[in-house]
Amino acid sequence: MTSSPPSPADRVCPLVKRESLGGAYALLTFEHAGVAGASAGQFAMIQPEAQGDLLLRRPFSIMDTDPSTSRFTIFLKAVGPGSKAVFDLREGDNARVLGPLGRGFTAPAPGERAFLVGGGYGVAPFALFSRGLREAGSAFHLFYGGRSASELPLVGELERRGIPLTLSTDDGTRGERGRVTVPLMDALSLVPGTPRLYACGPEPMMRAVAEISSEKRLACEVSLDPWMGCGLGTCLGCVVKIQDEGEPRPKNRPACTEGPVFDARRVVWEKHS
Amino acid sequence: MTAPSLGVEIGSLKLRNPLLAASGTCGYGVEIAHVVDLATLGGIVTKGLYMAARDGCEAPRIAETPAGLLNAIGLQGVGIRAFVDRVLPRLREHDTAVIVNVCGETVEEYAEVARIASDAPGVHALEINISCPNVKTGGIAFGTDPLMTRDVVGAVRKASALPVIPKLSPNVTDITVFARACEEAGADAISCVNTFLGLAIDVETRKPRLAFGTGGLSGPAIRPLAVRMTWQAARAVKIPIIGIGGIASASDALEFFIAGASAVQVGTMNFSRPNIYAEIESGLVDYLTRHHIGSIRDLVGTIRYPR
Ligand SMILES: Cc1cc2nc3c(=O)[nH]c(=O)nc-3n(C[C@H](O)[C@H](O)[C@H](O)COP(=O)(O)O)c2cc1C
């Protein structure tokens, strides 16, 4: 987790494994030596090699890597035509994969506890992050929330990895009923010290976690998910409003190269759609 | 038989091959240099530059449409001085032609940006952006009034000894009027074209999909429109035309050469296929070889159009 990630490579590479998780969810594993060296929170831009009339690649968080076999895995929800095209890939099909891209999560300091808050498909990077935290011997816990049980498709995978997990659903069909921030608050009142918060998921959820972090004066990183065009910082389509110290006003900064992970204190939430 | 030649000349600008990366789709070149070998391109056209840094439009700024991309970025950029001082030294390390996309809110600003760019070592030509649809002042206003086009091109001509290449807007009734205005004002070549004004609506919210409202349409969706305008402009003037619009393959690029373009730019496809240049270049070589044409220059304007 401490070594600097490789610079991005653009390659046509095969889908070596596809595992359906029911509904619009799947785990896809590709062979791409570069992305297999990604750090947690980084992403890849992916499109099928036979893409048809869809032009842009879509960004996907790296859920897991295996540098020894040059493989990486994404956790995908088919939401629009671009992600659906990737979802529809079959084993052996080729995809264009550019990565690893972006700035990932900052590791906690030695002895510092990490609370990871994942909503919906935003939980993906926390699988890879958990592995690094465990290797570093950091105490951590993952809070995974969704609208209902069917929207927590990664539970089995996370349990198999033995990740300490608290589940919650808005409708109470799995885990605690209510927002993911409720069990987070409970846990914060129990643990000593100042845990570091990490959030990835729907914007209202990340914003709520960011507010908790500012009230409790905890360090917090959020992984933003705006519409992205290129992943290289050239189209400037994915800008987010970032307020830096000493700057008179917030600036539009590309999430693909300056993020997607940002210190929550720098994020100006109002303007995001 | 020796390999066909891809070298072209745009005024005094010599390009190793006729493939350029279009403004706004390759940053300032340095951002893509770790993914694309810039020496495989004839050159790059920078993101549009004003005197001052600009923060651009609110997000969302891009929306994908069938075979196209609608954008309203609003010319976010570092400003010409920061480009010259901080970016150009890094860009100069790469063996590729650098064309600066010059913007302004007034004729004077265009001339001033042009003068600063021309004085900087390592800038090879100026493209004058009189066609951005996504800013409230300047931009497209200069490219949709022939007198304003003439004035701004004339002012930049006076301010610079580099090749001056106005970039035309397709959002006009008769592009030949604007091509001639550029030629008369002393342009060395013409870039043809910028994006088409468009509007995409989210029917659930009934709001535009872009925060700015309207945007500029690019990508393969506009190619036949851009080829037609390239053909019209090429017949109207003697200066070279640089064809732009929806190029995604060698065959797409060939359409522009045959229609009358002396060079082409690839825009939107840089986002999803940053390494497209090698593929286009080898496709051009194959085509020229197969048709026993010694140089890409001999293909320019050879359309067999029924009279
Ligand atoms: C995201 C985006 C940003 C652009 N920015 C500029 C710009 O700064 N200056 C300019 O002259 N043209 C700009 N353009 C227009 C392109 O250079 C090009 O003329 C247009 O996209 C058509 O070519 P294409 O279909 O290959 O993309 C931009 C286009 C896109 C898609």
Side-chain angles (χ1 to χ4, degrees), chain A residues 6-12 34 45-49 51-59 80-83 85 95-101 224-242 247-258 268 270-273, chain B residues 21-36 44 46-48 53-78 134 202 205 207 209-211 215 218-221 246 248 267-276:
Chain A
S7 69
D10 182 24
R11 265 197 219 111
V12 174
M45 297 293 292
I46 304 178
Q47 71 180 177
E49 188 184 26
Q51 171 77 351
D53 274 354
L54 274 173
L55 297 182
L56 301 178
R57 302 185 193 196
R58 297 297 189 270
S83 52
R96 297 180 197 281
V97 176
L98 170 67
L101 299 165
L224 301 181
D225 181 29
W227 246 95
M228 259 179 209
C230 67
L232 294 167
T234 52
C235 80
L236 299 177
C238 66
V239 292
V240 290
K241 281 251 177 296
I242 297 297
E247 294 277 354
R249 65 189 79 82
K251 288 231 165 86
N252 287 322
R253 301 201 180 271
C256 65
T257 49
E258 301 203 17
V268 180
E270 286 79 38
K271 289 287 163 67
H272 298 169
S273 59
Chain B
S23 179
T25 63
C26 59
Y28 304 116
V30 291
E31 297 93 330
I32 59 167
H34 55 291
V35 179
V36 196
I44 70 119
T46 69
K47 178 79 191 156
R54 291 166 64 101
D55 212 28
C57 300
E58 295 300 309
R61 291 174 163 190
I62 55 173
E64 191 163 347
T65 59
L69 176 66
L70 196 66
N71 90 81
I73 307 299
L75 293 171
Q76 179 171 346
V78 297
N134 304 324
D202 178 335
T205 62
K207 288 184 189 165
R209 286 171 64 191
L210 302 180
S218 63
T268 301
M269 291 311 290
N270 286 311
F271 298 145
S272 53
R273 303 280 311 281
N275 280 303
I276 201 167

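Between B/Phe271 and A/Leu55 the shortest side-chain heavy-atom distance does not fall below 4.5 Å. In this structure, B/Leu69 and A/Leu56 have side chains that are in contact, with non-hydrogen atoms separated by less than 4.5 Å. Side chains of B/His34 and A/Pro8 form a contact here, defined as non-hydrogen atoms less than 4.5 Å apart.
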Requested in this report: Report the C-alpha distance between A/Thr234 and B/Asn270 in whole Å, list the side-chain angles of each, state the deciding distance to 0.1 Å, and finish with yes or no for side chain to side chain contact (heavy atoms under 4.5 Å, CB included).
Outcome: CA-CA 9 Å; A/Thr234 52; B/Asn270 286 311; over 6 Å; no
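The line from CG of A/Asn252 to CZ of B/Arg54 is 12.0 Å long, rounded to the nearest 0.5 Å. In this structure, SG in A/Cys230 is found 9.5 Å from CD1 in B/Ile32, a value given to the nearest 0.5 Å. Taken to the nearest 0.5 Å, the CH2 atom of A/Trp227 stands 15.5 Å off from the CZ atom of B/Arg61.
No donor-acceptor distance shorter than 3.5 angstrom exists from the side chain of B/Gln76 to the backbone of A/Leu236, with no hydrogens or angles considered.
Around the CG atom of B/Asp202, the shell of radius 6.0 Å holds more than 12 heavy atoms that belong to other residues, nucleotides or ligands.
With a 4.5 Å cut-off on non-hydrogen atoms, A/Pro226 does not touch chain B at all. B/Ile73 touches chain A through its side chain: at least one heavy atom from C-beta onward sits under 4.5 Å away, while N, CA, C and O do not. Proximity to chain A involves both the backbone and the side chain of B/Asp55, based on heavy atoms less than 4.5 angstrom apart. For A/Arg249, no part lies near chain B; criterion is any non-hydrogen pair under 4.5 Å.
Highest contact tally toward chain B, considering only A/Gln47, A/Arg57, A/Met45, is held by A/Arg57 [criterion: heavy-atom pairs under 4.5 Å].
Between A/Leu232 and B/Glu31 the shortest heavy-atom distance is O-CB, 3.9 Å.
The side chain to side chain donor-acceptor pair (under 3.5 Å) test applied to B/Asn275 returns A/Asp10, not counting sequence neighbours.
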